[in-house]
Amino acid sequence: MGCPAIPQAEGAGSMTGSGSDRPTLWRIGVSPREAALDAQGASVLRDIHELGLPDVARVATTRLVLVEGSLAKDAVERIAASLLADPITETYTIRQGGDDRSLPGAGFDAAVEVHLKGGVMDPVAGSTLAAVADLGLAVDGLAIATARLYRITGTRSIQEAELIARRLLFNDCIEDVHLSGFGRHDPRPEHLPVAPVREFKLRHIPLRELDEAALRRLSRDAHLFLSLPEMRTLQTHYRKLDRDPTDLEIEMLAQTWSEHCVHKTLKSAVVYTGEPFPPGSGVRQAIDDAGRAKVTYDNLLKDTIARATHELMTSGRVDWCLSVFEDNAGIITFDDRYAVAFKVETHNHPSAIEPYGGAATGIGGVIRDVLGCGLGAKPVANTDVFCFAPPDFPMDLLPKGILHPRRIFKGVVAGVRDYGNRMGIPTVNGAICFDDRYLGNPLVFCGCLGLIPRDRIHKAPRPGDRIVVIGGRTGRDGIHGATFSSAELTDTHADEFSHAVQIGDAITEKKVLDAMLRARDHASGCLYSAVTDCGAGGLSSAVGEMAATLGAEVELSEVPLKYAGLRYDEIWISEAQERMVLAVPPENWDTLRAICAAENVEATEIGTFRDDGRLIVRYRGTQVGDLDMHFVHEGIPKGQREAIWPAGASPSTTDRRPATVENLLRDLSALNASSKEWVIRQYDHEVQGGSVIKPLVGPGQGPSDAAVIRPRLDSARGVAIANGMHGRLADVDPYWMAAAAIDEAVRNIVCVGGDPRRTAILDNFCWGNCEDPRTMGALVRACQGCYDAAIAHGTPFISGKDSLNNEFALDPADAARLAERMPLHNNRVRIPSTLLISAIGVIDDVHRCVTMDAKRMADGSSFYFVGLDVDAWPRVDLARAAALHRGVADLIAAGLVLAAHDCGEEGILMALAEMALAGRCGIRADLGALDPLAPVVTGYILQSPADPQQLAARLEGPGLAVHRIAQPADDLAFTWLCRDGQFTTDVPTLDAAWRSPLAW
Amino acid sequence: MTDPKVLILRTAGTNCDEETAYAWEQAGARTQRVHVRELTDRPAMLGEFAILTLPGGFSYGDDISAGKILASQLTSHLADAVRSFVATGRLVLGICNGFQVLVKAGLLPGPAAQAGGDPLADQSVTLTHNDSARFEARWVHLRSSRESAFLPADTVLAMPIAHGEGKLVCRDDTVRRRLADDGHIALTYCNADGRPGPYPINPNGSEADIAGLTDATGRILGLMPHPERHVQPTQHPAWTGSPPACSDGRVLFECAVRTARTL
């Protein structure tokens, strides 16, 4: 079947203890009482059929709970009966010992049993242990783990069962599998895994003597991922200090200097040559005789994206930015008392390897960014945007080391769902894009919006403040998250970096949130002077960041651990989910500790902030690190990059297609345009009660352009949230891609009633390897496009993030097969340069908001196409586009618009069709000379009772066009007259086409 | 007459407590959010309240099964306090996860048959995985079948659901009959005209389209849908088109506050 055999796990590998003197393991199995109640089994069965195995007849699921400890049988019985099994729908079995040799059991052909590997987070086990204690049973020395058992009827061989297991039921990098059936029985472990204890031994790295080759080797083998100049800078530093660094020091420097933490590519000095930027661009370019432009940037980020914000603020066009680029999230004014904080992160590499855990910890991480912004913002909405290869990608073309896109898709959605829903944060906006080139590097963007009192925005630790960690404990499951996310993926990455993959525990984070907000809003004032989240890089980056100017001293043996035996450097660098670091004035420590205790949150003091800029790290009193914070944060040598975008390569035109019914239905059912309802409904988008414009709108539940929430239920003020992304232009010209993404994000905000003059944006760049000048050239063009468009629209960037090296190195045989389907670069799949623009707009009165569904009962209203009179897609006149958006925002604010829908890349007819299906409302259109299916550079469809003159009068400025194109019908017919002829279909047909591809 | 006081019970993973407090306050009640730890330490504090609310969320992550661990805590530590609270005529409302807790603690459909033994073992119905095997958020219609402390009779109400384990299953036919005959079925899923139907009208596969139950007195109500998410006009999905005449969730909170004022 072309997939390698599953290694038979030896117990749980190195994590298994010696065992003979250890207490008994009880194996409790909880199963649905009858097949009809096994919804999970039925769902797995559908997935198996989709794999192309229609003969499998039944899957029965069992939850296994393994309890180890000195418990009597009746106590185990009590746990099973009154806690684990539902008395109505489930039955349970109890066995002494870890194995069940009777598997797969009567009526089944094979059994697949999945156990978590040692050290992987098991939130259910933790909750179960607490609940057992609550039953009044003694839990000292008791250990609990959970596992899953699937029994299968109708499979033909153990190899087929293995295939099912590998494709659907377990993930090598966090789980072990045990099979039974067809004469095979993998023995199950007889004891729960125990972590190995490592002796304390201080290690130094002999850095000073290394030659160039050895420095490179050290960088790669120790997973530091530093460049040679960076390694040399470290070497020079330690030669000057006349000593070798400890391993902890090197690890900390590598993390702080990683692409993930310091964004060195975007901040590097760049020389760009090639295609000139269009007239009107704010760039200073010199053009040579051959028509090639040359541009020099000192710091790409500062000279483009940050410059736009700076200029908008200093010119007075924008006076509502409160904190930009400096904190974990950007902050803008909401009202007199509150502000909103917004951040979007990516979690691409972990999601490629373990989609569920990767996506869940992605959303968990961005929530902590917002919670750790200022003195803590309360998360009020989440967003998510994904890029995958198509879910119907041929199974036989799938390269080694890559999970199938359908599985990644389902896993990612489940991860975001389970984490976001448990946190009680509505997931209100998102998008999904499909392209073959996301095969090895799926993109997972997670965003979070928070509400923060304006007097809680500024923070600064003070010398003498205690360093307090609250929330999740540290394990080995988060080592090298920051450096790993900065590396290219290969077919062996799953093995090499399984230690960087974590499983989330949303409830621990929810408890941290509850405790922190109580401490923030304490009657005597905020109980801490600063806070930050523990992201990739763990304590090393969190404490390192907070102590950047002050310095600090830390005792690592105080840090709470998931299990004994971690080395000091592991404690320092391992990422712990669900954890925050606070700077607590000594006089507040007791009060804070009491609040944490009341919320069942662990809070531990691990050190003190100093005042001399030195960071001293100790383990059981022995010094294991002594770092100069100035060198840590400022010592990194500045990068120099070369960037090229060949002149004359852009842009291309697309072929014109006639606007037939067939072509319209094909466009509606294209993966990128089709309904994402299957995903949206799995997210709770209404928790907290603030939902004003939902992701699906109208009686036909069509696609909303943006979401609006009301973060304070007692105020009519709201926030619109939208995004823009324009993958199609990545290969044409990233400059226009960036301009189009910003334009789309702004248009989406306007469509629901937002105002571009109150809209802020965020950038997320996901790029390939920028050592390649052409890839770097794409980045430069996109950044310059960001600057020019942000200035034109008056929308400041308030925060951003980048994820580079999104390439997958294939093994040569796989590369040969894939080359026929997609472009490769040196046997690498490189993602299309992807820029996500996320936007938030503050709305004064949500009662003025509109939705995109055509309104049926609106007699006398018409549909208008409002756009630019010159459309040279993808080139847009930025100033005119900005005037258009302001004009449409004013029309909506004046109450002249019944429905508004974004009209862009997908063309006018498609936008009308979406309005019709959302409103369950027929439409009769006469498009005149307009091209119905051609991409539009920027525009809107508005349903309005006003006449064209009234609309035109309010759209000031030259170059704007208003066309009356349609009327609502009182039946479900959808007809259009255009230069290609007269065509008729109906709303149910449109609706079915739009829903078909992802109606899972 | 003073405004009735509502205790909103929260614990790790509760996440609808603030909007539920807002809904009660809009209806004229005063609210206090109390952590289960605080209530366990001082069960007598229940005496200060007219209404106990178990709001939605994922108590303890819904680890093991939805609402199970909080239900176990209630029966271990608060069974007597809650029983005497109800016995003195006061009201209990469980929404979504709160409904799951009440069912798994044996408080709904009601204590009639509970003579001794572990009350959890005496649970007679349960809420289990939706037929779709996944979490779903969507708006539904509900029909109230009888008058109770919380609801007028024979009314159709619109509000959203958001759950993965909302399918009501009875232990056996005897229980099924008793629910119908003794008036325990407070709310059923229906269409806008009040008539029952298949998925998605019944969004999870609940037996007899049951969306909410009361105990024999009508003073304990549990329901899967979220009335607190429909107390403002802009929460309704059609408000920009053809908005409904009233925000249906308010009906429930206002009716309960009226009842509580007579206590």
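Just so it is clear: chains get the letters A, B, ... in the order the sequence lines come, proteins before strands, and each one is counted from 1.
- Here the side chains of V103(B) and Q123(B) are in contact, with some heavy-atom distance below 4.5 Å.
- At a 4.5 Å heavy-atom cutoff, V175(B) makes no contact with chain A through either its backbone or its side chain.
- Proximity to chain A involves both the backbone and the side chain of T126(B), based on heavy atoms less than 4.5 angstrom apart.
- Interface residue S132(B): only backbone heavy atoms are found under 4.5 Å from chain A.
- With a 4.5 Å cut-off on non-hydrogen atoms, V697(A) does not touch chain B at all.
- Here K510(A) is the residue among K510(A), R417(A), M423(A) with the most heavy-atom pairs under 4.5 Å with chain B.
- The residue among E19(B), R10(B), Q235(B) with the most heavy atom pairs within less than 4.5 Å of chain A is E19(B).
- Contacts between N130(B) and chain A at a heavy-atom distance below 4.5 Å involve the backbone alone (N, CA, C, O).
- When heavy atoms are compared at a cutoff of 4.5 Å, I64(B) approaches chain A by way of both its backbone and its side chain.
- Tested against R33(B), the residues T53(B), T14(B), D17(B), T20(B) include a single side-chain hydrogen bond (donor to acceptor under 3.5 Å, both in side chains) partner, D17(B).
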Chi angles and distances behind the salt bridge (Lys or Arg N to Asp or Glu O under 4.0 Å) call for E90(A), R63(A): CA-CA 10 Å; E90(A) 292 175 328; R63(A) 295 184 281 131; 2.9 Å; yes

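- Across every non-hydrogen atom of I28(A) and V67(A), the tightest pair is CD1-CG2, 4.0 Å.
- Proximity to chain B (any heavy atom under 4.5 Å) is shown, for D418(A), by neither the backbone nor the side chain.
- Annotation: salt bridge (Lys or Arg N to Asp or Glu O under 4.0 Å) contacts involving residues 57-67 of chain B, sequence neighbours excluded, are absent.
- Residues L93(B) and L252(B) form a side-chain contact, since some pair of their non-hydrogen atoms from C-beta on lies under 4.5 Å apart.
- In terms of non-hydrogen atom pairs under 4.5 Å with chain B, the most contact-rich of A506(A), P699(A), A598(A) is A598(A).
- Counting heavy-atom pairs closer than 4.5 Å to chain B, the top-ranked of the candidates G690(A), A36(A), S691(A), P32(A) is S691(A).
- The greatest number of non-hydrogen atom pairs below 4.5 Å with chain A, out of I161(B), D131(B), V125(B), is found for V125(B).
- Between chain A and the options E18(B), R138(B), H163(B), H129(B), heavy-atom pairs under 4.5 Å are most frequent for R138(B).
- Both the backbone and the side chain of A12(B) have a heavy atom closer than 4.5 Å to some heavy atom of chain A.
- Heavy-atom pairs under 4.5 Å with chain B peak, among R46(A), K378(A), Q40(A), at K378(A).
- A salt bridge links R176(B) and D173(B); the closest N-O separation between the charged side-chain nitrogens and carboxylate oxygens is under 4.0 Å.
- Taking the side chain to side chain donor-acceptor pair (under 3.5 Å) definition, one finds that R37(B) meets it with N600(A), sequence neighbours left out.
- Proximity to chain A among residues 225-234 of chain B is limited to R229(B), Q232(B), T234(B), judged by heavy-atom separations below 4.5 angstrom.
- Both the backbone and the side chain of Q73(B) come within contact range of chain A, judged by heavy atoms closer than 4.5 Å.
- Options S242(B), G164(B), G205(B), S124(B) differ in how many heavy-atom pairs under 4.5 Å they form with chain A, and the most are formed by S124(B).
- Remark: W239(B) engages no residue in a ring-ring contact (aromatic ring centres under 6.0 Å, His included) (not counting sequence neighbours).
- Interface summary for chain B: among G136(A), A597(A), G126(A), A899(A), the most heavy-atom pairs under 4.5 angstrom belong to A597(A).
- Here the side chain of N202(B) pairs a donor or acceptor atom with the backbone of S206(B) at under 3.5 angstrom.
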From CA spacing to verdict: salt bridge (Lys or Arg N to Asp or Glu O under 4.0 Å), D845(A), R717(A): CA-CA 5 Å; D845(A) 182 357; R717(A) 210 165 261 253; over 6 Å; no

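- Under the 3.5 Å distance criterion, the side-chain polar atoms of Y22(B) are matched with a main-chain donor or acceptor of L713(A).
- Looking at N97(B), its side chain does come within 3.5 Å of a backbone N or O of S59(B) through a donor-acceptor pair.
- Looking at S127(A), the atoms closer than 4.5 Å to chain B (heavy atoms on both sides) sit in the backbone and in the side chain alike.
- The choice from T89(A), T128(A), V687(A), D714(A) that makes the most heavy-atom pairs within less than 4.5 Å of chain B is V687(A).
- Counting only distance, with no hydrogens or angles, the side chain of Q701(A) and the backbone of G698(A) share a donor-acceptor pair below 3.5 Å.
- For chain A, the option among H236(B), E38(B), R134(B), H77(B) with the highest count of heavy-atom pairs below 4.5 Å is R134(B).
- Checking T128(B) against E165(B) by side-chain atom types alone, no donor-acceptor pair falls below 3.5 Å.
- Of the N and O atoms on the side chains of E136(B) and Y683(A), not one donor lies less than 3.5 Å from an acceptor on the other residue.
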